[in-house]
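Below: one structure, written as structure tokens.
Here is the naming used below: chain letters follow the sequence lines, and residue numbers restart at 1 for every chain.
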There are 2 protein chains.
Amino acid sequence: MSGKSGQPTINDVARLAEVSKKTVSRVINRSPLLNEETRERVEKVIRDLGYVPNPQARALALRRNFLVGLIHDNPNAQMVLNMQHGILEALSGTDFEMIVRPVDRTSPMMLQDVRTFLERQRLFGVVILPPISENDALADLCEELNCRYVRIGSAELDDADHMVASNDREVVREATEHLIHQGHKLIGLVEGPDGFRSAQERRLGFEDALKSAGLPLPRSLIARGNYTFETGVTAANRLFDLSPRPTAIFASNDEMAAGVVFAARERGIIVPDDLSIIGFDDTPIAAHIWPPLTTVRWPIVSMARAAARKLVGDIVGGESAEPQPSVLPSMLVKRSSVAPPPS
Amino acid sequence: MSGKSGQPTINDVARLAEVSKKTVSRVINRSPLLNEETRERVEKVIRDLGYVPNPQARALALRRNFLVGLIHDNPNAQMVLNMQHGILEALSGTDFEMIVRPVDRTSPMMLQDVRTFLERQRLFGVVILPPISENDALADLCEELNCRYVRIGSAELDDADHMVASNDREVVREATEHLIHQGHKLIGLVEGPDGFRSAQERRLGFEDALKSAGLPLPRSLIARGNYTFETGVTAANRLFDLSPRPTAIFASNDEMAAGVVFAARERGIIVPDDLSIIGFDDTPIAAHIWPPLTTVRWPIVSMARAAARKLVGDIVGGESAEPQPSVLPSMLVKRSSVAPPPS
DNA sequence: TTGTACGCGTTATCAT
DNA sequence: ATGATAACGCGTACAA
């Protein structure tokens, strides 16, 4: 090594391989115009030395960091963490690292904050999680700042290069049909908050199923929550006050579904004998409450993995990068919270 | 601006303030040897220009990134995410960002992986989460690589500068005493996995309480789990098979406690009438199962915040940085899973 | 196909 | 107290 500081630099490699820095640089960046023999010689030196390009220097020269940002606005912990796992899975073995950035959806400074963040860190790209992913201004901002981005959502929010989505509407329709096939005719909906695309898509799927079956859907059978356990309890109680009472409830996520289960128990309503419940997400809570919850498994990890691959695929995959899917299927997971209605 | 690329650089500031780059650099880095007048002039230009130092260039020159790493080995999602929140809270408003690094505790490559990671990214420092924080070799590695670190754990693992801990033993003793005061004499323990300091501390606290009360603790009343819901179920069933059956159970974390509740329901054992249960962590699941779980609130966010402040305090706080606490108290949260034993 | 010279934006050295 | 100049390690014109 030239210096004393430990890591070998590109100069060390160049000297030992008896070529110029530039040639080493070409090897690293897989330049096609290179003598095969030269490349091998350089690669051998690189291996022998254990040389790894310095990310800081690359970032400075390229005006772009080898970091993938994760922008989210704190939906629920399990989802965020699963997304992180998916992204890190896709990034493992590459030079990329993940940097996490929570934002406040309700703050008027949100866009400015993100702008500052992106300008400063010069990220390679960002993955944007729902629900903030539905914000078009944010996507435009990324575009403007020349920062790649992929949005994850419950519907096709953007063109295929900038989006990974799930088929919420379709799968909720299936879930609701499962309830209908069991014989339920009075089915309540605990829907997600206004302005969330996921809430909207899931409601549409719910309505699709009821419409196809010729079942009526009075406004009173729909109660809104905001994806938290507590609002699930409240919404359920509103539904329980109805007469006749619904014999089944679809909740737009598991937390609210857990709230419904909780509220039912408080009232002495037995699940699933008196009331069937289906949730959405398949977070751990779904399997851990009593009775275990029938729910929709949302392919979080796969979506995140696909998003990250879409972002860095060109770089790490070279020519061989497989195109990543833009729509990933959810599936119904049947457990014990659904039964035929009481006779 | 000199260039066209948007952000002003240190050169722009120097030119407009009619000083050298180095002087600007001194202003930025709060060098004490600076004419007050010069400093103010430069600061004004900096404000007017909206100049912000380029982190990539700084990283290269300083051989140190302005990034704080979070090293964890996937304990549970809620904890990891809360830790992230705590760290980001401490970092917000500073130039630091957080980069997340999960590792595999069981892999023989773990240390090598971390070494590569730290050498490459040249992090400013890392926060290490339990249980991997208990690994002394990892701390030594950080030391060797000249990377600051703070370990978070259930006991004092290191000197005050390198550690933030909770008082698990003490608070579990209190929790157990709560059970004893209710009249329970046959109390089971679902303990955490072997080799985890948290498991050990909590068990010690449990034993302390029983010993003080003069209660016997036959080996059969202790069942081991590995902090997952499923092992909680298994351990509970082992305890339920005992005759006489314990009238109360302390579980070393909430997930296992939820498993105990689940197992009890499967057997028709009513909580808390037939069985009292206390958990540990106060994750959301504790409040969302039925009955709501009495548990120990573990100050995760505060610990993470303190850890991050300890890491970057010297830099961002200047002289005024308050020393961060090294031991944070947990507290018992009483809900509905505890009652006097059946008569 | 390969090399030379310079730029990226900052900090450090050593003068003055 | 301040400034000229050289690192820091890599990428890119442009030349050879």
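Put simply, CZ on B/R122 is 13 Å from C1' on D/dC10, counting in whole angstrom units. In this structure, B/R63 places its CZ atom 15 Å from C1' of C/dG9, rounding to the nearest Å. Atom CD of B/Q7 is separated from atom C1' of C/dT10 by 15 Å (rounded to the nearest Å). When the C1' atom of D/dG3 is taken as reference, atom CD of B/E18 falls 15 Å away, rounded to whole Å. A straight line from CD of A/E40 to P of C/dT1 spans 15 Å, rounded to a whole angstrom. For the pair A/E37 CD and C/dT2 C1', the computed distance is 13 Å after rounding to whole Å. Rounded to whole angstrom, the span from the CZ atom of B/R64 across to the P atom of C/dG9 amounts to 24 Å. Atom CG of B/N11 is separated from atom P of D/dT5 by 14 Å (rounded to the nearest Å).
Minimum interatomic distance between B/L67 and B/F96 (heavy atoms only, all atoms of both residues): N-CD2, 4.2 Å.
The pair A/E134-A/R197 fails the salt-bridge criterion, with no side-chain N (NZ, NE, NH1 or NH2) lying under 4.0 Å from an Asp/Glu carboxylate O. Remark: A/D95 engages A/R58 in a salt bridge, criterion side-chain N to carboxylate O under 4.0 Å. Using a cut-off of 4.0 Å between Lys/Arg side-chain N and Asp/Glu carboxylate O, B/E97 and A/R101 are scored as salt-bridged.
Separation of atoms CD (B/E119) and CD (A/Q7) is listed at 4.5 Å; rounding is to 0.5 Å.
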Which pairs would a plain distance check flag for residues 150-162 of chain B, meaning a side-chain donor or acceptor within less than 3.5 Å of a matching protein atom at least two apart in sequence or in another chain?
| from | atom 1 | to | atom 2 | distance (Å) |
| --- | --- | --- | --- | --- |
| B/R151 | NE | B/S133 | O | 2.8 |
| B/R151 | NH1 | B/D136 | OD1 | 3.4 |
| B/R151 | NH1 | B/D158 | OD2 | 2.8 |
| B/R151 | NH2 | B/S133 | O | 3.0 |
| B/R151 | NH2 | B/D136 | OD1 | 2.7 |
| B/S154 | OG | B/D168 | OD2 | 2.7 |
| B/D158 | OD2 | B/Y149 | OH | 3.0 |
| B/D159 | OD1 | B/H162 | ND1 | 3.3 |
| B/D159 | OD2 | B/H162 | ND1 | 3.0 |

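Of the two residues near DNA chain D, B/A57 and B/L34, the one whose nearest nucleotide lies more 5' is B/L34.
Here B/T9 does not reach the OP1 or OP2 of C/dC8: none of its side-chain N or O atoms lies under 4.0 Å away. For the pair B/T38 and D/dA1, the criterion of a side-chain N or O lying under 4.0 Å from OP1 or OP2 is not met. Between A/S20 and C/dG3 there is a side-chain N or O to OP1 or OP2 distance below 4.0 Å.
Of the candidates C/dG9, D/dG9, C/dT1, the closest approach to any side-chain atom of B/N54 belongs to C/dG9.
B/D73 places a side-chain N or O within 3.5 Å of a backbone atom of B/I132 that can act as its donor or acceptor partner.
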Spell out protein contact along nucleotides 11-16 of chain D as letters: B when the base is contacted, S when just the sugar-phosphate is, - when no protein heavy atom is under 4.0 Å; keep the 5' to 3' order. BB----
Begin with the C-alpha distance, continue with both residues' side-chain angles, and end with the deciding distance and a verdict on side-chain hydrogen bond (donor to acceptor under 3.5 Å, both in side chains) for B/N29 and B/S31. CA-CA 6 Å; B/N29 297 311; B/S31 162; over 6 Å; no
With salt bridge (Lys or Arg N to Asp or Glu O under 4.0 Å) as the criterion, how do B/E144 and B/R115 come out once you've worked through the C-alpha distance, each side chain's angles and the decisive distance to 0.1 Å? CA-CA 10 Å; B/E144 176 197 335; B/R115 174 185 291 274; 3.0 Å; yes
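The bend of the helix from C/dT1-D/dA16 to C/dT16-D/dA1, defined by the angle between the axes of its first five and last five pairs, stands at 30° to the nearest 10°.
Residue B/L60 is classed as a base contact, given a heavy-atom separation below 4.0 Å to a base.
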